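Throughout, residue positions are numbered sequentially from 1 according to the sequence presented. What you see is a predicted model; the values in this text were computed from it and never measured.
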Amino acid sequence: MRRTSRPTDVPAGPPQPGNLPHELNRFVGRGAELTALTAALESGRLVTVTGVGGVGKSRFAAHAAARVPRSLCPDGVWRVELATVRLPELVEYTLAEALGLTDHTTRAPRQVLVDHLAERRLVLVLDGFEHLVEACASLIRDLLRAAPGLRVIAVGRRPLTVDGEQVFALAPLTPADAAELFADRATALLPGFQLDGRTLVDVLEVCRRLDCLPLAVELAAGRLRVLSPPQLMERLDDRFRLLRGGGRNALPRHQTLRTTIGWSHELCTPQERLLWARLSVFSGSFDLEAAEYVCGGESLPADDVVDVLDELLAQSVVVREEARGEVRYRMLDTVRAYGAEWLDNLDDGRRMRRRHRDWYMGLATWCELDWFSPRQGEVASRIEAELPNLRAALEHCLTEPGETHLGQYLAGTLWFYWAGCGRLSEGRHWLDRSVGLDVEFDDGDVCPGLVDEGLEYGASRLKALWVLSYVAILQGDTVPALAALQECREEAERAGDATALAYAVHRTGCLALVTDDLPRAEDLLRTALSSYREIGELNSNVLMGQVELAMALAFQGDLAEAVALCTDVRQVSEDHGERWTLAYALYVLAYAQWTEGRYAQARRLLDECLAIHHEFHDLLGTVLSMELLALITVEEGDAAEAAVLQGAAARMWTSVGLPLFGSAHYSTPHKRCETQARQALDDARFAELARSGEQLEHDEAVARALSRGRWHRPAATVPHPARPAEPAREKREPAASHTWKGGETAG
């Protein structure tokens, strides 16, 4: 069969900046619609693609966005998937995540987005907003007003109703294009399949009866493993008469889609239907291990899940994805919604959601332990991939009666992700919610396997409190941090919880450090470290306490003990494969080398430090390293480059919080660098160079800092440093410390 539509391939050229997913199979048809959408986006700034579920809105919008002229969006095309977002307050966090924004401040997420987009020219594809219309309309309205270079393609089943919106109603495919789509997907399944003679007639009729909806057509093509095209026609005809009882034209398109999915469901075996329903509890993508645990059980043994899942993949009910060598699975939102209805009809929804919660509670617990190991990079990537499911588990815990303590535990257990991977703002959201709720403890709702971890009413709340204080300190929000610490310390003393008390004392010492009360910081941190030794606690938090003590000593002039402490941290970190805390220890060691005039040694330490922070998206560690590198640069004689680096750091501080915590001691490198640079340059030249540094994107600034001033032209964006190969997952236990005796890797 000849193609009747215009070619729709993306024009050749350099890759477009952004996060559009790679297309896994050929895009078919819609040449005229693609041209029309591009024209609409050129003439206006908000185009909303509407249409019935299954008409192909998401795929069409993404394909069209990839074709937008580079001149219209030099800062790229960015897609935001909102189908898995259930709460309006998470829309801004999801958009910031898609844009790769890291913000440690207490600024409202919307203001962070406004500031980021204000001077950029990009296209934002907002996909699946229909259940969040009010929140999305308000956000898009504010962003379009503040960012004149922003263009938005919104994708949903209804308009946003925002001023300036152009509604682009997407119709089903033409019969010819629908048949071509059917043939393309059928050929992938059955390489010998061809559209000719009688087959073409049958396929065209199938497509017409499915109203040429792409999702319905693809589902039908997936049945060719067991049915011929004539058999497809017969079953569709039977199904339509059963559900409609009238002429085909009287059937609404959404009913056609539901009929098609229901027909596909009807053809599934009982086990396939059961797995379909149970998989609907996942939010976003999931892996095989999660599916086996959550969905296995009565009527579907866990060992059978992989075979049943394979059948659902073959029928296009489940979609396979692969990233970083890991295979994951996803259900289209319409298909998931159908499965969720069946799950509710089975009266099994609450049990399955609890199993889902159990799995992700266990995942978070294991990842917390694994964070203190050579698998830190793997842990960070895993939590990033599972964030939609973790959000769903958190929301379940914080809204289901009797499970608030589990929500507190989960929000606290993810401290390493909130603090270590640039997620302070979202972490603060969940922690504030969890500690603000009254707990009704129900013994029957304790998560299996976590009782031995001390998961009880008091322990879970205390953990959430000290983690909340830690996040607030890093955000520079000292008053709430102090309130949480006081409550945590008092309750820990009353309950005799030595672990929570040690953490409360530790974080109080950290608060004293950033507020320049150095003698008190030293005393509290020494007390906390002594307590950690007594209870056998050893993890990244404990090592961070040692680094913070070293910093307090360095600020007071005791470099020898500071170096000894961080050298010890470096050794323990290397023994355990820990890298996040290691980066902070390297910062202190570099600070000591700078103090003694060993600039080359300090730079080598800071290069490694900065690369690690950048890998983990730890913006606080990144900007502290940038400040010290700027000082070393000026003292090596390159005042111009130091001014550029200071400007880049100044831009980063807007996303971190109060610059240098407002601390006189943390501010010393910055002030010294600025003084020396201004002396070597004149004030006007310094300001000009600093402004040029402020124009650098985050990746550009890091690349420039690591390039040691070799840049004499605008820097090109570079990718994040590649992760080193991770050790095999089977090696679960970290190496024994040469410095500490005993100890656990518990949070």
Run the side-chain contact (heavy atoms from CB on, under 4.5 Å) check on Cys136 and Leu126 step by step: do they pass?
CA-CA 9 Å; Cys136 290; Leu126 196 72; 4.1 Å; yes
Does [X] have any salt bridge (Lys or Arg N to Asp or Glu O under 4.0 Å) partners at least two apart in sequence or in another chain, and if so, which?
{"X": "Arg651", "value": "Glu697"}
{"X": "Glu97", "value": "Arg391, Arg423"}
{"X": "Arg672", "value": "Glu635"}
{"X": "Glu688", "value": "Arg685"}

Counterpart residues, side chain to side chain donor-acceptor pair (under 3.5 Å), relative to [X] (two or more places apart):
{"X": "Arg141", "result": "none"}
{"X": "Glu561", "result": "Arg526"}
{"X": "Arg678", "result": "Glu674, Asp683"}
{"X": "Glu119", "result": "none"}

For a 4.5 angstrom cut-off between non-hydrogen side-chain atoms, does Glu426 reach Leu387?
yes
Take Asp516 and Ser663 through the side chain to side chain donor-acceptor pair (under 3.5 Å) test and state the conclusion after the steps.
CA-CA 6 Å; Asp516 287 337; Ser663 161; 2.6 Å; yes
Name all residues meeting the side-chain contact (heavy atoms from CB on, under 4.5 Å) criterion together with Ser667; count only those two or more places apart in sequence or in a different chain, and write none if there are none.
Leu660, Lys671
What residues form a side-chain contact (heavy atoms from CB on, under 4.5 Å) with Thr508, not counting sequence neighbours?
Leu485, Arg520, Leu524
Is Asp370 salt-bridged to Arg382, cutoff N-O under 4.0 Å?
no
Going by an N to O cut-off under 4.0 Å, is there a salt bridge joining Glu641 and Arg704?
yes
The criterion is ring pair (Phe, Tyr, Trp, His ring centres under 6.0 Å); which residues satisfy it with Tyr93, sequence neighbours excluded?
His429
How long is the span from the CD atom in Gln646 to the CG atom in Leu689, to the nearest 0.5 Å?
11.5 Å
Check the pair Arg120 / Leu150 against side-chain contact (heavy atoms from CB on, under 4.5 Å), numbers first and verdict last.
CA-CA 7 Å; Arg120 286 175 168 78; Leu150 174 65; over 6 Å; no
Tell me the closest heavy-atom pair linking His613 and Ser625, and the distance in Å.
CD2-OG, 3.7 Å
On a heavy-atom basis, which atom in Asp618 and which in Trp580 lie closest, and how many Å separate them?
OD2-NE1, 2.8 Å
Once ring pair (Phe, Tyr, Trp, His ring centres under 6.0 Å) is applied, what residue pairs with a partner in residues 542-565 remain, sequence neighbours excluded?
Phe555-Tyr591, Phe555-His665, Phe555-Tyr666
